[in-house]
Amino acid sequence: MDIDPTKYDPPAGLLDDRVILITGASDGIGKALALACARLGAHVILHGRNTGKLEATYDEIVALESVQRPSIAVLDLATADSGAYLSLAKSVESEFGRLDGLVHNASILGQRLSIEQYDAGEWQQVLHVNLTAAFALTQVLLPPLRSAADPSIIFTSSGVGRVGKAFWGAYAVSKFGIEALSQILANEHEHTDLRVNCINPGPTRTKMRLAAYPAEDRDLLPTPADVLPTYLYLLGPDSRGVTGQSLDA
Ligand SMILES: NC(=O)c1ccc[n+]([C@@H]2O[C@H](COP(=O)([O-])OP(=O)(O)OC[C@H]3O[C@@H](n4cnc5c(N)ncnc54)[C@H](OP(=O)(O)O)[C@@H]3O)[C@@H](O)[C@H]2O)c1
C-alpha cells in the first residue's frame with residue numbers, strides 16, 4: 001500500500017455511478033459517509049431502522065448539488081428475518097443489477113458492565129445486531145457484489161475488537177468476531193476482484209461515543225467527517241488489490 005489511507009484525498013468523481021449500501025446511515029459515521037459518497041458521485045443506499053432519521057439523511061443528500069438521488073432501505077437488524085434480508089437483496093439486484101460497495105457500519109454499544117454482571121439477553125442482542133446481522137446481510141449481498149467490476153466490503157471494528165478490555169462485554173466480543181468475519185471472507189475471495197477489509201474508526205464524536213464516555217469533552221474528539229478518508233480510499237478504485245487488512249481511520 002503506497003498510500004496512507006488516513007490522509008487519502010479523494011478526487012472529484014471518485015465514486016461516480018458506484019452503488020454503495022451503508023448500514024446505519026441515519027446517524028454518526030454512517031450518515032457522514034453517506035453524504036461524502038453522494039458528493040463523490042455514488043448512488044447511496046441508506047440503510048437504517050428509523051424511517052424518519054433516514055429521510056433526514058436523504059433530504060441532506062438531495063439538497064447537495066449534482067448528486068444522485070439515494071435510496072432508503074429500512075430493516076431493523078435486531079428483528080429482521082431471512083425473508084427481509086432476501087427482499088432487500090432482490091431489490092438491489094432488480095434496481096441496479098450489482099452492488100459496488102457494502103459498508104457494515106451499524107452497531108449498538110450494549111451494557112458497560114463486567115462479565116459477571118452482564119445480562120444474558122442483552123449479550124445475545126448485541127452479538128446479533130453487531131455480528132450475526134453483518135453475516136446475514138453479507139451472505140445475501142454477495143451475488144450483486146460479484147456482479148460489480150470493482151467491489152469492496154468494509155466492516156467496522158473497534159480498538160476493543162483487537163484487545164479485550166474490562167467492561168466492554170458483548171460489544172468487544174462482537175468486534176473480535178467482525179475482525180474474524182472480515183478475514184475469513186477476504187481469504188475466501190483472495191483470487192477474485194472482491195476486496196474485504198475492516199476499519200477501526202477510533203474515538204469519534206457520535207452518540208455511541210457519548211454513551212460510552214459521558215464525561216468526556218466532546219469538542220476534543222474527531223468528528224465523523226474527520227475519519228472518512230480511509231473509508232473512501234477502500235471504496236474507490238485506488239485500493240484495488242488491498243484486501244484482508246484491518247486499518248485505523
Ligand atoms: N464513535 C466511536 O468512537 C467509535 C469507535 C470505534 C468504533 N465505532 C464503530 O463505528 C460504527 C458507527 O458508530 P457511530 O459512533 O457512528 O454510532 P451511532 O452514531 O450510534 O450510529 C449507529 C448507527 O447504527 C444504527 N443502528 C443501531 N442499531 C440498529 C438496528 N438494530 N438496525 C439498524 N440500524 C441500527 C443506528 O440507527 P439509529 O439512528 O436508528 O440509532 C445508527 O444509524 C459502529 O460500528 C461502531 O461500533 C465507533
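Worth knowing before you read on, the calculation uses all heavy atoms, side chains too, and leaves out hydrogens, waters and symmetry mates. What you are looking at is a predicted structure, and each value in this text was computed from that prediction instead of being measured.
Between the side chains of Tyr213 and Arg218, not a single donor N or O lies within less than 3.5 Å of an accepting N or O.
Under the 4.5 Å side-chain heavy-atom criterion for grouping Ile, Leu, Val, Met, Phe, Trp and Tyr, Val129 is connected to Leu127 within one hydrophobic cluster. Placement of Val242 and Ile20 within a single hydrophobic cluster is found when ILVMFWY residues are connected by side-chain heavy-atom separations under 4.5 Å, directly or transitively. Hydrophobic clustering of Ile, Leu, Val, Met, Phe, Trp and Tyr side chains at less than 4.5 Å, counting indirect connections, keeps Ile22 apart from Leu194. Note: the hydrophobic cluster containing Val19 does not contain Leu14 (ILVMFWY, side chain heavy atoms under 4.5 Å, direct or indirect links). Side-chain heavy atoms closer than 4.5 Å link hydrophobic residues (I, L, V, M, F, W, Y) into clusters, and following such links, possibly through other members, connects Leu40 to Leu64.
Taking all atoms of both residues into account, the shortest heavy-atom contact from Val140 to Ala89 is O-CB, 3.4 Å. Pairing each heavy atom of Ala38 with each of Val44, the nearest pair is N-CG2, 3.8 Å. Of all heavy-atom pairs spanning Ser158 and Asn200, the tightest one is CA-OD1, 3.5 Å. Smallest separation of non-hydrogen atoms from Cys37 and Leu232: SG-CD2, 4.1 Å. Listed here is the closest heavy atom pair of His128 and Ala78: CD2-O, 3.8 Å. Residues Ala32 and Pro224 share a closest heavy-atom pair of CB-CB, 3.6 Å.
Going from atom CD of Gln245 over to atom CD of Gln183 covers 10.0 Å, rounded to the nearest 0.5 Å. One finds the OG1 atom of Thr156 at 9.0 Å from the CG atom of Leu33 (value rounded to the nearest 0.5 Å). To the nearest 0.5 Å, the span separating CG on Asp150 from CZ on Arg240 amounts to 4.0 Å. Atoms NE2 and CD1, on His189 and Ile184 in that order, are 12.5 Å from each other to the nearest 0.5 Å. Annotation: the span from His104 atom NE2 to Ile199 atom CD1 amounts to 12.5 Å, rounded to 0.5 Å. With rounding to the nearest 0.5 angstrom, the OH atom of Tyr8 is 3.5 Å from the CG atom of Asp238.
One finds no salt bridge joining Asp226 and Arg205 here, because no Lys/Arg side-chain nitrogen approaches an Asp/Glu carboxylate oxygen to under 4.0 Å. Taking the charged nitrogens against the carboxylate oxygens, Asp193 and Arg146 have no contact shorter than 4.0 Å, which rules out a salt bridge.
Annotation: side chain of Pro201 is in contact with side chain of Tyr231 (closest heavy-atom distance under 4.5 Å). In this structure the side chain of Asp17 reaches within 4.5 angstrom of the side chain of Gln68, judged on heavy atoms. Here the side chains of Val196 and Thr138 are not in contact, with every heavy-atom distance at 4.5 Å or above. With contacts defined as side-chain heavy-atom distances shorter than 4.5 Å, the pair Val103/Leu21 does not qualify. Side chains of Pro203 and Arg209 form a contact here, defined as non-hydrogen atoms less than 4.5 Å apart. In this structure the side chain of Pro144 never reaches within 4.5 angstrom of the side chain of Glu95, judged on heavy atoms.
Counting non-hydrogen atoms of other residues, nucleotides and ligands closer than 6.0 Å to CZ of Phe167 gives a total of 12 or fewer. Within 6.0 Å of the CD atom in Gln124, the count of heavy atoms belonging to other residues, nucleotides or ligands does not exceed 12.
A donor-acceptor pair under 3.5 Å links the side-chain atoms of Arg18 to the main chain of Leu235, judged by distance alone. Using modelled atom types, no side-chain atom of Ser26 and backbone atom of Leu54 make a donor-acceptor pair closer than 3.5 Å. With hydrogens and angles disregarded, no donor-acceptor distance shorter than 3.5 Å links the side chain of Ser182 to the backbone of Glu179. For Ser152 (side chain) and Gly101 (main-chain N/O), no donor-acceptor pair under 3.5 Å exists by modelled atom type. One N or O on the side chain of Thr57 and one on the backbone of Ala25 form a donor-acceptor pair closer than 3.5 Å. Checked by atom type and distance alone, the side chain of Ser147 never pairs as donor or acceptor with a backbone atom of Arg98 at under 3.5 Å. Not a single donor-acceptor pair under 3.5 Å links the side chain of Arg69 to the backbone N or O of Val62. Checking side-chain atoms of Thr204 against main-chain N and O of Thr206 turns up no donor-acceptor pair under 3.5 Å. The closest donor-acceptor contact from the side chain of Ser107 to the backbone of Asn130 lies at 3.5 Å or more, if one exists at all. Listed for the Asn197 side chain is no donor-acceptor partner under 3.5 Å among the backbone atoms of Ile154.
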* Please assess Gln117 against Gln111 for the test side chain to side chain contact (heavy atoms under 4.5 Å, CB included), listing each intermediate value before the final yes or no. => CA-CA 9 Å; Gln117 292 168 316; Gln111 298 171 325; over 6 Å; no
* Worked verdict on His47 versus Leu77 for side chain to side chain contact (heavy atoms under 4.5 Å, CB included) -> CA-CA 10 Å; His47 159 270; Leu77 300 174; 3.8 Å; yes
* Does the side chain to side chain contact (heavy atoms under 4.5 Å, CB included) test come out yes or no for Leu88 and Leu137, once each step is laid out? -> CA-CA 9 Å; Leu88 171 57; Leu137 191 60; 3.6 Å; yes
* **From CA spacing to verdict: side chain to side chain contact (heavy atoms under 4.5 Å, CB included), Asn50, Asp27** => CA-CA 10 Å; Asn50 180 319; Asp27 214 328; over 6 Å; no
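The one candidate from Tyr171, Trp168, Trp123 that meets the ring-ring contact (aromatic ring centres under 6.0 Å, His included) condition with Tyr118 is Trp123.
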